[in-house]
Student: 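First the structure, then my questions, so here it is.
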Amino acid sequence: MEPQSGNGDDAVARARELVRAEQFGPAIELLREHLNAHPDDGIAWRRLAGALIGLGDHAAAVDAAGRAIDIDPEDVAAYRYRALALLMLKRDGESYADAKRAVELAPDDHEALSLLARNVVEVDRDVVRFKKLIRRALTVNPDSAPARHLARQYRRLHRRTLTVATHLVTLPAAIVLLIGWFAVGTGRSMDARWMVWPCVVALAVILVRGLFTWSAGGMLPMLTLPQVAAAAGAAGIVAAGAGYGATRGVPTAVVLGLTAVAISGVFGLLLLLQQRRRIAGGACRSGSL
């Protein structure tokens, strides 16, 4: 049950209309004046949090939503506001906890489900759970703007993951084959095409796919260790096969293949390490979820 706003119902209602009209400054002034007289009005604190988010003052919004939660620990909207403000402050772990609590209190709140889905993919990198939460939100409200936006964002993120995986195959192979082409002295031989053409194709793939690499709003690709291993193996096979076609020498092909595997593996592991650091950072900021 929401707390009543006492004698200041009119002020809170006017502030709500101002927020809807995106007049956040006047709404904040009106709510602060009201809260000076009614500091225990949880609805007013919640409305203030929403207005502060609209104004971009996310730190103050966290505090205002926290006051609303202190007054009413079951205020779902206050948890949502605080989760959103924390998300904007890059405090992903804390945002995750608030979004999770909001969903526990209101399992059919599509906005809370969308916030939790965003945090699941940011903190846990759990794609399966992310998709389940988005489907739930869209089942509750097919027109949910947050859920539809996240569904589009996931498609971009998935495309970026495929792009990065493609780069882990093609870029190391292209580098190794280009170096190998000069190293083995096949520049004047017809067999050189076994190195040159795969290298050209790899570079073309990198150029085309690279146009979509950063289309996911700065989010890290959702790579896994098996995917990195598969990409490194594919890079090694391409480099080794092309090297053997050009030189007919097994030792040279093995060296080229292993070099491509090493380059691809190092870059892939660095990406995985960056992902884990981000996840660990979110967990540390939240304490325990």
Student: With Leu269, which residues qualify under side chain to side chain contact (heavy atoms under 4.5 Å, CB included), at least two apart?
Tutor: Leu225, Leu272

Student: So, do Thr252 and Tyr244 sit near enough that their side-chain heavy atoms are less than 4.5 Å apart?
Tutor: no

Student: Can you tell me how far apart CZ (Arg67) and CG (Asp41) are? Round to the nearest 0.5 Å.
Tutor: 11.0 Å

Student: Would a single hydrophobic cluster contain both Ile28 and Val62, if residues Ile, Leu, Val, Met, Phe, Trp and Tyr are joined by side-chain heavy-atom contacts under 4.5 Å?
Tutor: no

Student: Go through the steps for Glu94 and Arg91 under the test salt bridge (charged side-chain N to carboxylate O under 4.0 Å, His left out), then give the verdict.
Tutor: CA-CA 6 Å; Glu94 294 169 86; Arg91 292 161 62 179; 2.9 Å; yes

Student: Taking distance alone, no hydrogens or angles, what donor-acceptor pairs closer than 3.5 Å link side-chain atoms of residues 135-150 to residues at least two apart or in another chain?
Tutor:
residue: Arg136; atom: NH2; partner: Pro107; partner atom: O; Å: 2.8
residue: Thr139; atom: OG1; partner: Arg135; partner atom: O; Å: 2.7
residue: Asn141; atom: OD1; partner: Asp143; partner atom: N; Å: 3.0
residue: Asn141; atom: ND2; partner: His110; partner atom: NE2; Å: 3.4
residue: Ser144; atom: OG; partner: His110; partner atom: ND1; Å: 2.7
residue: Ser144; atom: OG; partner: Ala147; partner atom: N; Å: 3.4
residue: Arg148; atom: NH1; partner: Pro142; partner atom: O; Å: 3.3

Student: Closest heavy-atom contact between Tyr96 and Asn119?
Tutor: N-OD1, 3.4 Å

Student: If I compare all heavy atoms of Pro172 with all of Ala235, which pair ends up nearest, and what's the gap?
Tutor: CB-CB, 4.4 Å

Student: Between atom CG of Leu30 and atom CG of Asp10, what is the distance when rounded to the nearest 0.5 Å?
Tutor: 10.0 Å

Student: Spell out, as yes or no, whether a donor-acceptor pair under 3.5 Å connects the side chain of Ser264 to the backbone of Leu168.
Tutor: yes

Student: Got a second to check how far Leu113's CG is from Leu133's CG, nearest 0.5 Å?
Tutor: 6.0 Å

Student: Does Leu270 belong to the same Ile/Leu/Val/Met/Phe/Trp/Tyr cluster as Val261, with side-chain heavy atoms less than 4.5 Å apart forming each link?
Tutor: no

Student: Check whether any side-chain heavy atom of Phe130 sits under 4.5 Å from a side-chain heavy atom of Ile134, and report yes or no.
Tutor: yes

Student: To the nearest 0.5 Å, what is the distance between NZ on Lys100 and CG on Leu115?
Tutor: 15.0 Å

Student: Of the non-hydrogen atoms in Ala44 and Leu35, which two are nearest, and what is the gap between them?
Tutor: CB-CD2, 3.6 Å

Student: Inspect the surroundings of CZ in Phe267 and state if more than 12 heavy atoms from other residues, nucleotides or ligands are less than 6.0 Å away.
Tutor: no

Student: Are Val103 and Val120 co-members of a hydrophobic cluster defined by side-chain heavy atoms under 4.5 Å apart?
Tutor: yes

Student: What distance do Gln23 atom CD and Arg14 atom CZ have between them, rounded to the nearest 0.5 Å?
Tutor: 13.0 Å

Student: Are Trp45 and Ile69 grouped together when hydrophobic residues (ILVMFWY) are joined by side-chain heavy atoms under 4.5 angstrom apart?
Tutor: no

Student: Report whether Val12 and Ile53 are members of the same hydrophobic cluster (ILVMFWY, side-chain heavy atoms less than 4.5 Å apart, transitive linking).
Tutor: no

Student: Of all heavy-atom pairs between Val19 and Ala51, which one has the smallest distance, and what is that distance?
Tutor: CG2-CB, 3.8 Å

Student: Measure across Leu256 and Ala239 and return the closest heavy-atom pair with its distance rounded to 0.1 Å.
Tutor: O-CB, 3.7 Å

Student: Between side-chain atoms of residues 76-88 and protein atoms elsewhere (two or more places apart, or another chain), which donor-acceptor pairs fall under 3.5 Å?
Tutor:
residue: Tyr79; atom: OH; partner: Pro73; partner atom: O; Å: 3.1
residue: Arg80; atom: NE; partner: Asp109; partner atom: OD2; Å: 3.1
residue: Arg80; atom: NH1; partner: Glu111; partner atom: OE1; Å: 2.5
residue: Arg82; atom: NE; partner: Asp98; partner atom: OD2; Å: 2.6
residue: Arg82; atom: NH2; partner: Asp98; partner atom: OD1; Å: 3.0

Student: So, are Glu104 and Arg101 salt-bridged, with charged N and O less than 4.0 Å apart?
Tutor: yes

Student: Can you tell if the side chain of Glu17 reaches within under 4.5 Å of the side chain of Arg20, non-hydrogen atoms only?
Tutor: yes

Student: Is a side-chain N or O of Asp72 found less than 3.5 angstrom from the main chain of Ala68, in a donor-acceptor match?
Tutor: no

Student: Between atom CG of Leu31 and atom NE2 of His38, what is the distance when rounded to the nearest 0.5 Å?
Tutor: 12.0 Å

